[in-house]
Amino acid sequence: MRNAAIVLALLILVVGGFAPPVAADVGADAAAGVDAPRAQSVQTTQFAQTVQVEQNESIQTEIVIDVHADGNATWEVTTRHTLQSDEDVRAFNQLVEELRRGEANSSLDEGMFRNYANLAAESTGREMEILDVDYTGTVTDENSTGLLTMSFTWTNFAEPTDDDGLRVGDAFTTPDGGTWFPWLADGQQLTIETPENYEVQNSFSGIQDGSVVATGPMDLREQPIYVVYDSTALPTPPRESFLTPELLAGIGAMLLLVVAGVWYLRQQEETVPQSDAGMTQQPADGDADGATDAESEGDDIDLSLLSDEERVEYHLEQRGGRMRQADIVKETEWSDAKVSQLLSAMADEERVNKLRIGRENLISLPDYGHESDDEE
């Protein structure tokens, strides 16, 4: 029966709003044999009168709402209970464990606040949830006082304002235009803490240490709960770029130089005759014959004015008097058949010598010193 008295002492809500807990000794009827359901049916007026007589000298219920910048809020509801004996202490600890398991018959539970959150969500149009519910119990003052704390997170509790601020208030309303939190009883205290980087602009009650604090008795139907916060966070400065105007100008100048250099090199390549490229190649058979003075003199020769035989002789002279037949094909850009017929005719006229080496023909001028051999 003592447990029934403790349960009655931990009731913090009556019809219409919060009320402070009844001290353990008001459960005398339960201790004398009144069962828990009957003890919990005490009329509201009797309950409130008992509270006002016995609890008006100190805070017995403290509600702390820690508002976050994202609009969520962490709630802690702590009730203080007088424990007169070791049996009361055991009953208190047992009740804490039952609350954690969801087995206790008490209005201080998550189901109650989920109902309130549903009413507030319907009233405001914002989705709301009660999350991370936890109960803790602490016995202090040589086992004479028990502190029961229920904590949870209420999502979307505060609403953002147009000027980057926050407003607390509409989560206490109901769809019919009323409030589920109509009053603070004598012995109750409500604290609404200010989120980081915000400050209170306006509120329904006074401010202590930056938080809005209200102490009962207070009729919250005539003075509804509201707090308006202004943001104190400095605007985020634009990220300074390492690309300064001076650096960008330098990069632009370098790009221009690179583009100009590429253009110049391409112009030079286009102006060099195709035959000049062949003059820089070494003979394929490994001879160390270098380019002659004709290399520099040939820059002014228009190959289109030469006959086919003169053109072959020109290329041979540029290569020191000797070339592979395949290289002549490459330099003149003629077909293999044309070059082969032309070289055979020139060999017959003794204008060139043809020497067969493996699968290749080595072509040379007559004065190069080679005898014609294995002519095609």
Side-chain angles (χ1 to χ4, degrees), residues 10-14 16-23 48 51-52 54-82 108 112-113 116-117 120 128 130 134 136 138 140-141 145-161 165-173 178-233:
L10 297 176
L11 291 176
I12 67 167
L13 286 183
V14 293
F18 276 92
V22 181
V51 166
Q52 291 176 356
E54 297 188 9
Q55 306 293 344
N56 59 2
E57 294 182 359
S58 62
I59 300 300
Q60 296 298 308
T61 301
E62 184 176 9
I63 307 160
V64 178
I65 304 175
D66 184 8
V67 182
H68 307 312
D70 61 1
N72 296 343
T74 301
W75 281 59
E76 288 188 356
V77 181
T78 302
T79 54
R80 181 185 300 271
H81 307 279
T82 300
L108 179 63
M112 174 188 67
F113 282 99
Y116 291 155
M128 298 181 178
I130 302 298
D134 191 23
T136 58
T138 304
T140 62
D141 299 336
T145 302
L147 298 177
L148 173 63
T149 299
M150 176 187 182
S151 62
F152 56 88
T153 297
W154 186 321
T155 64
N156 289 324
F157 180 77
E159 60 176 333
T161 62
L166 287 174
R167 180 182 176 90
V168 171
D170 62 351
F172 293 103
T173 62
T179 177
W180 56 263
F181 196 163
W183 53 281
L184 272 176
D186 196 8
Q188 282 191 319
Q189 180 171 284
L190 171 64
T191 301
I192 304 179
E193 297 184 346
T194 303
E196 186 177 0
N197 295 327
Y198 287 85
E199 64 182 5
V200 178
Q201 179 188 26
N202 201 358
S203 67
F204 77 107
S205 186
I207 301 176
Q208 298 180 15
D209 298 327
S211 300
V212 176
V213 180
T215 303
M218 179 180 291
D219 190 339
L220 300 177
R221 294 166 297 185
E222 297 180 358
Q223 182 67 47
I225 300 173
Y226 77 94
V227 184
V228 180
Y229 299 102
D230 277 342
S231 174
T232 61

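In what follows, every heavy atom counts, from backbone to side chain, and hydrogens, waters and symmetry copies are set aside.
- Atom OG1 of residue T215 and atom CD of residue Q189 lie 4.0 Å apart, to the nearest 0.5 angstrom.
- Using a 4.5 Å heavy-atom threshold, the side chains of T145 and R80 count as touching.
- Qualifying salt bridge (charged side-chain N to carboxylate O under 4.0 Å, His left out) partners for D219, counting only residues two or more places apart in sequence or in other chains: R221.
- When atom types are taken as modelled, the side chain of T79 and the backbone of T61 share no donor-acceptor pair closer than 3.5 angstrom.
- Legend: residues meeting side chain to side chain contact (heavy atoms under 4.5 Å, CB included) with S203, ordered by chain and number and at least two apart, are V200, I207, V212, V227.
- Checked against side chain to side chain donor-acceptor pair (under 3.5 Å), D170 has the following partners two or more places apart in sequence or in another chain: R126.
- Atom CG of L190 is separated from atom CD1 of I63 by 5.5 Å, given to the nearest 0.5 angstrom.
- The salt bridge (charged side-chain N to carboxylate O under 4.0 Å, His left out) test applied to D66 returns no partner, not counting sequence neighbours.
- The OG1 atom of T136 lies 7.5 Å from the CD atom of E76; values are rounded to the nearest 0.5 Å.
- Smallest separation of non-hydrogen atoms from A171 and A120: O-CB, 3.1 Å.
- By the 30° and 60° cut-offs, the orientation of the rings of F113 relative to F152 is tilted.
- With sequence neighbours excluded, the residues that form a ring-ring contact (aromatic ring centres under 6.0 Å, His included) with F157 are W75, W154, F172.
- Considering all non-hydrogen atoms of both residues, G216 and D186 come closest at O-OD1, 3.7 Å.
- Taking 4.5 Å as the limit, every side-chain heavy atom of P195 sits out of range of all side-chain heavy atoms of H68.
- With a 4.5 Å cut-off on side-chain heavy atoms, Y229 and T161 do not count as touching.
- At least one donor-acceptor pair closer than 3.5 Å links the side chain of T232 to the backbone N or O of N197.
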- For side-chain contact (heavy atoms from CB on, under 4.5 Å), just list the numbers for L220 and F204, CA-CA rounded to whole Å, side-chain angles, deciding distance to a tenth of an Å, and then say yes or no. CA-CA 9 Å; L220 300 177; F204 77 107; 4.1 Å; yes
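- For residues 189-198, no residue pair satisfies the salt bridge (Lys or Arg N to Asp or Glu O under 4.0 Å) rule, not counting sequence neighbours.
- Here the straight-line distance linking atom CG of N72 with atom CE of M128 works out to 10.0 Å at 0.5 Å rounding.
- Separating the OG1 atom in T191 from the CD1 atom in I59 is a distance of 9.0 Å, to the nearest 0.5 Å.
- Minimum interatomic distance between L184 and A214 (heavy atoms only, all atoms of both residues): CD1-O, 3.6 Å.
- Looking only at side-chain heavy atoms (C-beta outward), T179 and T173 stay at 4.5 Å or farther from each other.
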